[in-house]
Number of protein chains: 2
Amino acid sequence: MATSTPAILPRVSCDQCPLRQCRSFRDFSSEELGFVHDFKTGEVSAAQGMSIMVEGERNPQLYTVLSGWGFRYKILEDGRRQILNYVLPGDLIGLQGHLMEEMQHSIEALTRMTLCIFERDKLPKLFRHHPSLAYDITWLAAREESMLDEHLLSIGRRSARERAAYLFAFLDARVKSVAAPPADRPFILPLTQQHVADTLGFSLVHTNKTLRRLVQQGLIRWLDRGCEVLDTERLYHVAEWRPPKEGKRPFI
Amino acid sequence: MATSTPAILPRVSCDQCPLRQCRSFRDFSSEELGFVHDFKTGEVSAAQGMSIMVEGERNPQLYTVLSGWGFRYKILEDGRRQILNYVLPGDLIGLQGHLMEEMQHSIEALTRMTLCIFERDKLPKLFRHHPSLAYDITWLAAREESMLDEHLLSIGRRSARERAAYLFAFLDARVKSVAAPPADRPFILPLTQQHVADTLGFSLVHTNKTLRRLVQQGLIRWLDRGCEVLDTERLYHVAEWRPPKEGKRPFI
DNA sequence: CGTAGGCTTGAGAGCTTTCAATTCATGTGG
DNA sequence: CCACATGAATTGAAAGCTCTCAAGCCTACG
């Protein structure tokens, strides 16, 4: 967990936003775009391993992820850590710290990330004057909730192999919905086995043995600090899961 | 899982709503109250064991719980069931089915429940004309998310004993925030050991052995189809958890 | 009085953790 | 360039936790 200061980047106009080109996001009216642009105060870049928010913090920044991966987690006093979910481009983070008294979880950068910073005090104004955007925020919250529901089902009731298969199927589906594959090279999920262990609720050793089995069966390949998904369909089958069919989704 | 038809009850005016007297809920302006009353189309009562929504359903009703307990759950094809969270008075349910294509989980009544039915088509109108209520809905979604985060931490990283202690501490805190204790008698959490097992991710047998231990240590008492919390502080300590300090919360 | 649902218990099999080492690639300072 | 420290992945073995199987008990209810 590095703690260097984040690099502040110049503000880029929202209609230039490369992420907005992505076909999974819904189109915004120029009026909406105008407000969002106004809502935005700048961009930051966070290095791998940097902590972006920490549990207990009051009134943190409100961000949208522009690029890179992060993860949300909680820890118990003795250090046991549970990863709650992953954060990818298009995700809105820090909302909880505004609605509740303080942040109830922490977020750390899994790769280098760039984040779009919003002016927190304008959130009430957004609700007052932009019902369509307010609706979008609620939509995003409902989507997060539904991902957490699936994680709970997985941790609570799936076997080790099924659980791991679910995780990779889930992450694979998520990256694919926000990024074009890097030219003729496969997607790599930028995880360490410790992250996988802390997501699935297993020890590192057992995680290793479980992954090894998936590798031998040709479902995934394990690289240094990363996982390549080889057979999506078979993962879906093992996990007994399919990616939800989402129409266009909002992106603030 | 009974399947008798729900009993439709007459509509009661919202400013008479007994739940609204409860001091954990924020006050509404008469204007807000007026809209909510208009939003409401009636009440239903559901018997114990009745299923209120089922996974896959499209466009379900939107309800607020007025009284009783329910639970949200998901099941795998072979019948393994995971309880995701409990539903208590003041909770809004069915929102997901409107924002997403279809319901991603089911809800069943744990005791007899009465529900307040909203007119689903007015949700957009709510966002357009009542930003404060839209904000409340988002608030409720964020709160649900934060409960799920805690459940994930619990299932993923706590030991059997800690996990059970967390569950009872959590439920105890939740009932106490929405109901006055039944005159000079203790609160009873209306669960069966099978529900506990499906919440904690354990088998029934192991759940029984874990509960037995908590009983012997004087933390809880187990009744037929119910749990009485005896020592809240000690439960908090075992679970290494405290109820979140919430100010007034919205209630739609 | 018989049945059903919920709670208990013991025992063996199976899954997961912990402990202890080892390998390998990368990066740093001498 | 080499020696050394570090982070990540791997492996075997024993201890500990959890599951399944198999009964039995008890109460409520028709």
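This is a predicted model, so every value here is computed, not measured. Chain letters run A, B, ... following the sequence lines, proteins first and then strands; every chain starts at 1. As a basis for the values below, the full set of heavy atoms in this structure was taken, side chains included, without hydrogen atoms, waters or symmetry mates.
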Whole angstrom value for the distance that separates P of D:dT18 from CD1 of B:Ile155
13 Å
Rounded off to whole Å, could you give me the NE2-to-C1' distance for the A:His206 and D:dG12 pair?
15 Å
For B:Gln193 and C:dT8, is the shortest distance between a side-chain N/O and OP1 or OP2 below 4.0 Å?
yes
Salt bridge check, A:Arg72 against A:Glu55: does any charged N sit closer than 4.0 Å to a carboxylate O?
no
Which nucleotide in the set D:dA9, D:dT11, C:dG6 lies at the smallest distance from any side-chain heavy atom of A:Val205?
D:dT11
Between B:Arg185 and B:Glu228, does at least one N-O distance fall below 4.0 Å, as a salt bridge requires?
no
Side-chain atoms of A:Thr192 come closest, of D:dC19, D:dA9, C:dT16, to D:dA9
So that I can tick it off, tell me whether A:Arg143 and A:Glu246 are bridged by a salt bridge, with the cut-off set at under 4.0 angstrom between side-chain N and carboxylate O.
yes
Using heavy atoms to find the nearest nucleotide of DNA chain D for A:Arg157 and A:Asp224 separately, return the residue whose nucleotide is more 5′.
A:Asp224
Residues B:Glu162 and A:Arg80 bridged, charged N to O under 4.0 Å:
yes
From CZ of B:Arg225 across to C1' of C:dA4 the rounded distance in Å is 13 Å
Expressed as a whole number of angstroms, how long is the span from B:Arg80:CZ to D:dC19:C1'?
13 Å
Ring of A:Tyr73, cation from A:Arg81 - is the NZ or CZ under 6.0 Å from the centre and inside 45° of the axis?
yes
Contact under 4.0 Å: A:Asn208 side-chain N or O vs D:dA9 OP1/OP2:
no
Does A:Ser203 reach a base, just sugar-phosphate, or nothing at all? Heavy atoms under 4.0 Å.
base
Under 4.0 Å between any heavy atoms, over every strand shown, what does A:Gly226 touch: base, sugar-phosphate, or nothing? Just pick one.
nothing
Strictly below 4.0 Å, heavy-atom distances to any atom of DNA chain C: list the hits from residues 212-223 of chain B, or just say none.
B:Arg212, B:Trp222
Are B:Asp231 and B:Arg221 ion-paired here, with the side-chain N under 4.0 Å from a carboxylate O?
no
What integer distance in Å separates B:Leu191:CG from C:dC7:C1'?
14 Å
Taking the inter-plane angle between the rings of A:Tyr86 and A:Trp69 on a 0 to 90° scale, is it parallel (under 30°), tilted (30 to 60°) or perpendicular (over 60°)?
perpendicular
